[in-house]
Structure formats: C-alpha cells, structure tokens
Amino acid sequence: CCSANLVVEEVQTTQEEENLTVCEVLEAEYIEFSNELFNTSFELNRFIDDISPNNVDSDRDKFFKDMEKNWDYQEVYKNYLEVRLDVYSNINKLYEDNSDCIVSGDQEISKEQVKEAEKDLSDFISKYEN
C-alpha cells in the first residue's frame, strides 16, 4: 500500500530575515507557498508516471479512469487538491492583506481561483468519500 505523506519544513528566522521589508517578506512567503504547490504537483505527476512503463499521458488516463476503484489514487489526488486549495487561499490572502506590494514576475491568485479550488475539492470529497 502506498500513501502520500506531506513533508513540512520548519522555517528558522535568521538575523538577515529580520531586516527584510514587508514586501520582501511577502515575496518570500509567496515563493514558499508556490514551491509547496510545485512540489505537490511534481509528486502527483511522478506518482502518475510511475503507474506503468507506458508514457505519462497513458498513465494519466489510467489514473483518472481507475480513480473510483483505487484508494491510493484517491489519497494522492485528494492531497494534491487540499494543498492546492491551501496554497491558493494563502496566496490570495497575502495579496489582499498587502496590496501595496507587487511580487515581481508572479501573479495574484483571484477569489475565483480559490472558489474553483474549493469546488474541485468539495466535488472530489462528495464523489469519493460518500
């Protein structure tokens, strides 16, 4: 049996971090959230690619086709959806609370994207946990 485990890293405050501006702290938090979603997406894609020696598109089709009967697939995908919602919510809040800061090269997560992530998770839970 394979299960998904989240690795949580504790961030230590250093003297250097204490001298950052509010916007620099925001950017660091944004990058941390973005990396969390990137890593979770990468793990999901790696899990899917490891299903068989076939190409990833074939494995992706199998993953979603077999989702209903495969609890491991459900656990991995639910974890991805939960992390996505958490990250989207946190990034949206960062921007709402710090509208004067612009994070170079990155984009804001809109309320609509948060609502879509909430709906995707809710739909998944309704379908597979009832």
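Positions are given from 1, in the same order as the sequence printed here. What you see is a predicted model; the values in this text were computed from it and never measured.
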Margin query: Let me confirm one number: the CG-CZ distance from Leu85 to Phe124, rounded to the nearest 0.5 Å.
Written below: 13.5 Å
Notebook entry, point to check: Can you tell me if Asp86 uses its side chain to pair, donor with acceptor, with the backbone of Glu82 under 3.5 Å?
Noted result: no
Note to self: Any salt bridge linking Glu43 with Arg46? Criterion: basic side-chain nitrogen under 4.0 Å from a carboxylate oxygen.
What the structure shows: yes
Item checked: Closest non-hydrogen atom pair, Leu26 against Asn98 -> CD1-ND2, 3.7 Å
Margin query: Among Ile91, Ile109, Val87, exactly one meets side chain to side chain contact (heavy atoms under 4.5 Å, CB included) together with Ser34. Which residue is that?
Written below: Ile91
Note to self: For Asn45 versus Arg60, what's the shortest heavy-atom pair and its separation?
What the structure shows: OD1-NH2, 2.5 Å
Margin query: Would you compute the distance between atom OG of Ser89 and atom CZ of Phe33 and round it to the nearest 0.5 angstrom?
Written below: 10.0 Å
Next item on the list: Check step by step if side-chain contact (heavy atoms from CB on, under 4.5 Å) holds for Ile125 and Lys78.
Entry: CA-CA 8 Å; Ile125 290 170; Lys78 181 181 178 195; 4.3 Å; yes
Next item on the list: Using modelled atom types only, decide if a donor and an acceptor are shared between the side chain of Gln74 and the backbone of Met67 within a distance under 3.5 Å.
Entry: yes
Notebook entry, point to check: Excluding sequence neighbours, so at least two apart, what forms side chain to side chain donor-acceptor pair (under 3.5 Å) with Ser122?
Noted result: none
Note to self: Give me the atom names and distance for the closest heavy-atom approach of Asp49 to Asp59.
What the structure shows: O-OD2, 2.9 Å
Next item on the list: Check the pair Tyr128, Trp71 against side-chain contact (heavy atoms from CB on, under 4.5 Å), reporting the backbone distance first and the verdict last.
Entry: CA-CA 9 Å; Tyr128 295 109; Trp71 292 48; over 6 Å; no
Item checked: side-chain contact (heavy atoms from CB on, under 4.5 Å) assessment of Gln113 paired with Arg84 -> CA-CA 10 Å; Gln113 288 171 293; Arg84 182 178 134 213; over 6 Å; no
Next item on the list: Look only at the side chain of Asn79 and the backbone of Glu75, and say whether a donor-acceptor pair between them is shorter than 3.5 Å.
Entry: no
Next item on the list: Give a yes or no on this: more than 12 heavy atoms of other residues, nucleotides or ligands lie within 6.0 Å of atom CD of Glu96.
Entry: yes
Notebook entry, point to check: Say you draw a straight line from NZ of Lys62 to CG of Asn70; how long is it, rounded to the nearest 0.5 Å?
Noted result: 7.5 Å
Checklist line | Heavy-atom neighbours of Phe38 CZ exceed 12 at 6.0 Å | finding: no
Item checked: Which atom of Asn92 lies closest to which atom of Lys111, heavy atoms considered -> ND2-N, 3.4 Å
Check: Under 4.0 Å between a Lys/Arg side-chain N and an Asp/Glu carboxylate O for Asp97 and Lys93?
Finding: yes
Notebook entry, point to check: Which atom pair, heavy atoms only, marks the closest approach of Phe63 to Ile51?
Noted result: CB-CD1, 3.7 Å
Next item on the list: Could you tell me which non-hydrogen atom of Tyr88 sits nearest to which non-hydrogen atom of Ala117, and how far apart they are?
Entry: CD2-CB, 3.9 Å
Checklist line | Glu36 vs Val83, side-chain contact (heavy atoms from CB on, under 4.5 Å): CA-CA, chis, key distance, verdict | finding: CA-CA 8 Å; Glu36 181 181 1; Val83 169; 4.0 Å; yes
